[in-house]
Amino acid sequence: MKEYKMRRGEHLDDRMPDLKGSIEDYFGEVSDTEEWQDHELYVVEDPDNPVFERIVAGAAEYGGKKDKLAVHFEERPAEDVIAEGNADAAADAVDAKNEFLLEATGRDAKSRRDSLKREVEDDAPDY
């Protein structure tokens with residue numbers, strides 16, 4: 001599960017007031033909810049795109065801090081997707097993930113990568 005921060009001064013509620021609806025627009029019908037670290041997340045068991053096997057997404061709320069977007073994309077093995085003749089779906093899956101994360105966080109892929117790198121660097125021990 002990955003957690004994504006919003007841009008400075010922005011909140012998930014403002015960017016996606018109907019988070020469940022947005023998840024359904026991008027990935028397919030929400031079929032269930034699942035608890036992860038005391039957060040209630042939405043589950044898409046049968047995503048529209050054949051590359052995805054299952055998607056779990058929702059707001060990770062932390063009391064006094066800003067909410068983060070918690071997401072886990074379970075993907076099928078590339079060999080299986082290609083063997084079924086769905087190679088084009090792989091590009092669509094990447095686009096759907098990036099567009100969803102951009103809409104939710106206001107950060108493009110490069111900005112999200114840079115942010116994750118900084119978090120890892122901050123956690124590194126000093127020698």
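Atoms considered below: every heavy atom in the structure, side chains included; atoms not considered: hydrogens, waters and symmetry mates. Worth saying up front: this structure is predicted, and the values here are computed from it rather than measured.
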Q: Hydrophobic clustering (ILVMFWY, side-chain heavy atoms < 4.5 Å, transitive) - are W36 and V56 grouped together?
A: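 Same hydrophobic cluster.
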Q: Indicate, with yes or no, if Y26 and L101 share a hydrophobic cluster defined by side-chain heavy-atom contacts under 4.5 Å among Ile, Leu, Val, Met, Phe, Trp and Tyr.
A: yes
Q: Donor-acceptor pair, N86 side chain versus A89 backbone, under 3.5 Å?
A: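 Side chain of N86 to backbone of A89, a donor-acceptor pair under 3.5 Å: no, none is there.
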Q: About how many Å separate NE2 of H39 and CG of D67, when rounded to the nearest 0.5 Å?
A: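 Those atoms lie 9.0 Å apart.
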Q: How long is the gap from CD on E61 to NZ on K68, to the nearest 0.5 Å?
A: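 One finds 13.5 Å between CD of E61 and NZ of K68.
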Q: Taking S31 for its side chain and V44 for its backbone only, find out whether a donor-acceptor pair lies under 3.5 Å.
A: no
Q: Does one hydrophobic cluster hold both V71 and V43, with members joined at side-chain heavy-atom distances below 4.5 Å?
A: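 Cluster IDs for V71 and V43 differ.
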Q: Counting only heavy atoms not in E29, do more than 12 sit closer than 6.0 Å to its CD atom?
A: no
Q: At what distance, to the nearest 0.5 angstrom, does CE of M16 lie from CG of D25?
A: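 The distance works out to 8.5 Å.
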Q: On the ring face of F73, is K97 found with NZ or CZ under 6.0 Å from the centre and within 45° of the axis?
A: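 Ring-cation test returns yes.
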Q: Is the backbone of D46 close enough, under 3.5 Å, to the side chain of R54 for a donor and an acceptor to pair up by distance?
A: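 It does not hold such a pair.
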Q: Cut-off 3.5 Å, side chains only: do Y42 and E24 have a donor facing an acceptor?
A: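 Short answer, no.
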Q: Within the side chain of D108, is there an N or O that forms a donor-acceptor pair under 3.5 Å with the backbone of L102?
A: no
Q: Linking I/L/V/M/F/W/Y whenever their side-chain heavy atoms sit closer than 4.5 Å, directly or via other members, would I55 and V30 fall into one cluster?
A: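 As far as the 4.5 Å side-chain criterion goes, V30 and I55 are connected within one cluster.
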Q: In terms of hydrophobic clustering (I, L, V, M, F, W, Y; side-chain heavy atoms under 4.5 Å; direct or indirect links), are I23 and M6 co-clustered?
A: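 I23 and M6: one cluster.
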Q: To the nearest 0.5 angstrom, please state how far the CG atom of L12 sits from the OH atom of Y4.
A: 13.5 Å
Q: Indicate yes or no for a side-chain donor-acceptor contact from H72 to the backbone of A57 under 3.5 Å, with no hydrogens or angles considered.
A: no
Q: For I82 and A87, work out which heavy atoms get closest and say how close.
A: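 In terms of heavy atoms, the two residues are closest at CG1-CB, 4.3 Å.
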Q: If you count the non-hydrogen atoms of other residues, nucleotides and ligands that lie under 6.0 Å from CG in D14, is the total more than 12?
A: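 Yes - once you tally the heavy atoms of other residues, nucleotides and ligands closer than 6.0 Å, there are more than 12.
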Q: Would you check, one step at a time, whether the test side chain to side chain contact (heavy atoms under 4.5 Å, CB included) holds for R76 with E84?
A: CA-CA 11 Å; R76 297 178 54 228; E84 292 172 357; 2.6 Å; yes
Q: Could you go through L41 and T33, starting from their C-alpha distance and side-chain angles, then the distance that decides it, and tell me whether this counts as side chain to side chain contact (heavy atoms under 4.5 Å, CB included)?
A: CA-CA 5 Å; L41 307 179; T33 60; over 6 Å; no
Q: Locate the shortest heavy-atom distance separating E103 from S22; write the atom from each residue and the value.
A: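 Nearest heavy atoms, E103 then S22: OE2-OG, 4.2 Å.
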Q: Could you give the distance from CD (E74) to CZ (F52), rounded to the nearest 0.5 Å?
A: 11.5 Å
Q: What heavy-atom pair brings R15 and A104 nearest, and what distance separates the two atoms?
A: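 Minimum heavy-atom separation between R15 and A104: CD-O, 3.1 Å.
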Q: Could you tell me if the side chain of E10 sits less than 4.5 Å from the side chain of R107, heavy atoms only?
A: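 No, every pair of side-chain atoms sits at 4.5 Å or beyond.
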